[in-house]
2 protein chains.
Amino acid sequence: MGSLELWEQKLKDKGIRWTKQRRMIIRVLLASTRPLSAQDIFAKLQRDYPKLRLSTVYRNLNSFKDGKIVRSLNLTGNEQKFELIDGNHHHHLICIECDDIIPLDCPLKDFENKLKDDTGYTILDHRMKIYGLCPNCKNY
Amino acid sequence: MGSLELWEQKLKDKGIRWTKQRRMIIRVLLASTRPLSAQDIFAKLQRDYPKLRLSTVYRNLNSFKDGKIVRSLNLTGNEQKFELIDGNHHHHLICIECDDIIPLDCPLKDFENKLKDDTGYTILDHRMKIYGLCPNCKNY
DNA sequence: CTTAATGCAAACGGTTTGCAGCCCT
DNA sequence: AGGGCTGCAAACCGTTTGCATTAAG
């Protein structure tokens, strides 16, 4: 069973219908090594399917978010970027010149435990972004 | 020398003029224990100075950002929040129910050093946000 | 067949911009 | 006095919404 079918099942399990548009969006996210904006996804699909609307992309990404199928991130600028939730918790290292993005393992488990004790908060989630210059961009 | 004068000097040192509007904005930021949106700042000032425009607030916050006087954060929703840069590097713990915000010490120095070695990146900055439920909100 | 999802157009909210006049330095 | 800063209005851009139609289950 290919991984597209895996995601189809995940959606169906949550009662989210498996439409052509949703299949296309998942396919684009699967094919990408980095988080994508709604506009990125729309741009990639528009040529093959001109009737697709940006609002459909947004609506679906939001359904996916509600169903914990994707997660949204504010990496650069004001726009949200989306990535599939594959169970592998990680963060991002972003080159501020070329926008390259490297996924990073999470170093925060111990910190979160300590935080829970110190503050009395129930810790639910966190986001971390590291900004820098990649080896290419720093040499010029 | 009160701390408002301190910020006045910082701005003047960078060639940013010390106008009435800027003084008001800095004052509001100084008085707040948590990051504020442009709209928050605007709302607090509008009553005393009805001629103030939201665009002026934005323009100034952006000048301040360029001059490394303030930093902007995406803590909740789509809007940016701003805080003065007082040299004390920290992060935020945010209650997703009541929007309470607690500043946190940064646990990432060692991680950044390791990252530099592992990836070849020059590390410039980072952002971390922890989401949870504060002691009040979790009991209901 | 029923109801959720889509296409389409229009609105929305945060943020930016162009321009004439104002006021820091 | 000169050039940056402001008030004001309008544009901009990412995102959401209302509604009639289409398609998934």
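Proteins come first, then strands; the chains are lettered A, B, ... in the order of their sequence lines, and each starts at number 1.
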Using the rule salt bridge (Lys or Arg N to Asp or Glu O under 4.0 Å), only one of A/D110, A/D118, A/D117 pairs with A/K114; which is it? A/D118

Would B/R34 and B/D100 count as a salt bridge (charged side-chain N to carboxylate O under 4.0 Å, His left out) if you check the C-alpha gap in whole Å, the side-chain angles of each, and the deciding distance to 0.1 Å? CA-CA 9 Å; B/R34 61 171 66 185; B/D100 185 41; 3.4 Å; yes

d([atom1], [X]; [atom2], [N]) in whole Å:
X	N	atom1	atom2	result
A/N78	C/dG14	CG	C1'	8 Å
B/N74	D/dT15	CG	C1'	15 Å
A/D66	C/dA4	CG	C1'	14 Å
A/E79	C/dT16	CD	P	14 Å
A/K81	D/dT15	NZ	P	11 Å
B/D40	C/dG14	CG	C1'	13 Å
A/K20	C/dT6	NZ	C1'	11 Å
B/I26	D/dC5	CD1	C1'	15 Å

Hey, is the main chain of A/L115 close enough, under 3.5 Å, to the side chain of A/T119 for a donor-acceptor pair? yes

To the side chain of [X], which of [options] is closest?
X	options	result
B/Q80	C/dT15, D/dT15, D/dC5	C/dT15
B/Y49	C/dT25, D/dG7, C/dA5	D/dG7
B/R53	C/dA5, C/dG7, D/dC8	D/dC8
A/K51	C/dG7, D/dA24, C/dG14	C/dG7
B/T19	D/dT15, D/dT6, C/dT16	D/dT6
A/K12	D/dG25, D/dG4, C/dG14	D/dG25
A/A38	D/dC5, C/dG7, D/dT15	D/dT15
B/Y58	C/dT15, C/dG7, C/dC24	C/dT15
A/Q39	C/dT6, D/dT15, C/dA4	D/dT15
A/S55	C/dC8, C/dC23, C/dT15	C/dC8

Please check if atom NZ in A/K44 has more than 12 non-hydrogen atoms from other residues, nucleotides or ligands closer than 6.0 Å. no

Indicate whether OP1 or OP2 belonging to C/dT16 is found under 4.0 Å from a side-chain N or O atom of B/N62. yes

Would you say C/dC23 has OP1 or OP2 under 4.0 Å from some side-chain N or O of B/Q21? no

Polar side-chain contact A/R59-C/dG7 base: donor and acceptor under 3.5 Å: yes

Closer than 4.0 angstrom, basic N to acidic O: yes or no for A/K12 and A/E8? yes

Are the aromatic ring centres of B/H126 and B/H89 under 6.0 angstrom apart? yes

Could you check whether [X] gets within reach of a base, just the sugar-phosphate, or nothing at all, counting any heavy atom under 4.0 Å?
X	answer
A/R22	sugar-phosphate
A/F42	nothing
A/L54	base
B/S63	nothing

Distance-only side-chain donor-acceptor flag, B/K65 / B/S72, under 3.5 Å: yes

Of B/N60 and B/R17, the one whose closest nucleotide on DNA chain D sits nearer the 5' end is B/R17

Between B/I16 and B/T56, the residue closer to the 5' end of DNA chain C by nearest nucleotide is B/T56

